[in-house]
Amino acid sequence: MVGDYGKVWSYHRFMLDEIAKVIPNIDKAHSIIAGFSNGGHAIDGMLRLSSGPKLTDYFGIFVFADGGGTAYSSKGNLPDLQGKFAYACWGGEKGSNKPNTSQLPKALKAKGATVVGSEMAGVGHAFAPSEYPKVAEWLEKVALASPTKK
């Protein structure tokens with residue numbers, strides 16, 4: 001299913017809608033979706049879908065770990081991300097997805113998101129444990145600290 005983001009989103013959306021039936025007061029503006037490698041590609045691809053309910057209707061915070069980026073831009077344009085937050089990190093000189101994911105922060109910011117881009121020095125295709133505390137601090141002090149925007 002890699003690349004068939006409409007199909008991936010239909011499965012995710014079904015599960016999210018079922019969760020919302022059980023927990024109807026979910027704060028979607030502060031909900032987080034994160035993915036490493038193909039998980040990051042899937043988030044990027046689902047963001048770019050142009051019909052039906054949007055990924056941004058369900059999440060306000062996006063974390064891309066060595067996934068997503070310019071190779072996926074041919075799948076469609078990013079939506080308006082005003083009031084949304086994104087953290088993108090990629091492997092440094094050893095990172096196979098660096099050319100793609102390193103371009104993502106600029107693209108997300110151009111659509112209005114508050115963005116952090118982080119190159120993981122000395123790391124290949126991985127979500128390095130050294131990055132975990134950086135993401136956690138960003139979530140706590142930036143993304144989750146922001147008041148909900150309606």
Side-chain angles (χ1 to χ4, degrees), residues 2 5 8-9 11-49 53-73 75-150:
V2 173
Y5 301 115
V8 173
W9 177 228
Y11 288 116
H12 281 77
R13 192 177 70 243
F14 175 81
M15 290 184 285
L16 292 165
D17 288 341
E18 290 299 307
I19 291 168
K21 289 177 186 174
V22 178
I23 309 169
N25 61 341
I26 293 172
D27 179 358
K28 293 178 181 178
H30 287 106
S31 292
I32 304 163
I33 186 168
F36 162 67
S37 188
N38 279 339
H41 300 333
I43 294 168
D44 188 316
M46 290 186 296
L47 271 173
R48 296 173 191 275
L49 295 172
K54 308 280 185 260
L55 190 64
T56 54
D57 295 334
Y58 292 79
F59 297 98
I61 303 167
F62 305 88
V63 179
F64 302 86
D66 211 36
T70 57
Y72 306 92
S73 61
K75 303 291 184 188
N77 295 319
L78 289 167
D80 175 24
L81 295 170
Q82 195 68 38
K84 308 293 184 185
F85 296 85
Y87 189 105
C89 58
W90 57 90
E93 60 282 351
K94 300 176 182 179
S96 60
N97 203 53
K98 179 180 178 176
N100 297 319
T101 308
S102 66
Q103 301 301 311
L104 196 52
K106 182 178 178 182
L108 296 163
K109 188 173 185 174
K111 291 297 189 169
T114 300
V115 182
V116 168
S118 176
E119 182 172 307
M120 298 177 287
V123 174
H125 184 56
F127 184 21
S130 60
E131 199 71 15
Y132 302 171
K134 295 176 189 177
V135 174
E137 181 177 14
W138 172 79
L139 284 168
E140 179 184 357
K141 294 184 177 176
V142 179
L144 294 172
S146 174
T148 303
K149 296 181 180 164
K150 305 242 180 209

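If you read the sequence from its start, that first residue is 1, and numbering goes on from there.
Pairs engaging residues 91-116 under the ring pair (Phe, Tyr, Trp, His ring centres under 6.0 Å) rule: none recorded [sequence neighbours left out]. Sorted by first then second residue, the salt bridge (Lys or Arg N to Asp or Glu O under 4.0 Å) pairs that include residues 12-22, not counting sequence neighbours, are Glu18-Lys21. Screening residues 123-132 for salt bridge (Lys or Arg N to Asp or Glu O under 4.0 Å), with sequence neighbours left out, gives Glu131-Lys134. The salt bridge (Lys or Arg N to Asp or Glu O under 4.0 Å) pairs that include a residue from residues 93-109 are Lys98-Glu119, where partners are two or more places apart or lie in different chains. Within the structure, side-chain hydrogen bond (donor to acceptor under 3.5 Å, both in side chains) contacts touching residues 59-69 (residues at least two apart or in different chains) are Asp66-His125.
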Where do Phe85 and Val115 land on the side chain to side chain contact (heavy atoms under 4.5 Å, CB included) test, with the steps shown first?
CA-CA 6 Å; Phe85 296 85; Val115 182; over 6 Å; no
For the pair Leu139 and Ile32, evaluate side chain to side chain contact (heavy atoms under 4.5 Å, CB included) and give the outcome as yes or no after the intermediate values.
CA-CA 9 Å; Leu139 284 168; Ile32 304 163; 3.8 Å; yes
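Here the two rings, on Phe36 and Phe64, have centers that are 6.0 Å apart or farther.
Shown here are the ring pair (Phe, Tyr, Trp, His ring centres under 6.0 Å) partners of Phe59, two or more places apart in sequence or in another chain: there are none. Residues satisfying the ring pair (Phe, Tyr, Trp, His ring centres under 6.0 Å) test with Tyr87, not counting sequence neighbours, are Trp138. Checked against side chain to side chain donor-acceptor pair (under 3.5 Å), Lys54 has no partners two or more places apart in sequence or in another chain. For Asp57, there are no side chain to side chain donor-acceptor pair (under 3.5 Å) partners, not counting sequence neighbours. Residues that satisfy the side chain to side chain contact (heavy atoms under 4.5 Å, CB included) test with Ile19, not counting sequence neighbours, are Ile23, Ile26. By the side chain to side chain donor-acceptor pair (under 3.5 Å) test, Glu140 pairs with no residue at all, sequence neighbours left out.
In this structure, Leu47 CG and Leu108 CG are separated by 7.5 Å, a value rounded to the nearest 0.5 Å. Atom CD of Gln103 sits about 8.5 Å away from atom CH2 of Trp90, to the nearest 0.5 Å.
A 4.5 Å side-chain heavy-atom check between Tyr5 and Asp44 finds every atom pair outside the cut-off. Counting only heavy atoms from C-beta outward, the side chains of Leu81 and Thr56 approach each other to under 4.5 Å. Counting only heavy atoms from C-beta outward, the side chains of Tyr58 and Ser31 never approach each other to under 4.5 Å.
A donor-acceptor pair is defined here as one N or O able to donate and one able to accept, closer than 3.5 Å; no such pair exists between the side chain of Trp9 and the backbone of Gly45. At least one donor-acceptor pair closer than 3.5 Å links the side chain of Thr101 to the backbone N or O of Gly67.
Between Lys84 and Phe62, the closest heavy-atom pair is CB-CE1, 4.2 Å. Taking both residues in full, the closest heavy atoms of Pro105 and Gly117 are given as CG-CA, 3.7 Å, listed atom of the first, atom of the second, then distance. Here the closest non-hydrogen pair linking Gly68 and Asn97 is O-ND2, 3.4 Å. The two residues Leu55 and Ile43 come nearest to each other via the heavy atoms CD2-O, 3.8 Å. Of all heavy-atom pairs spanning Ser96 and Pro99, the tightest one is O-CD, 3.8 Å.
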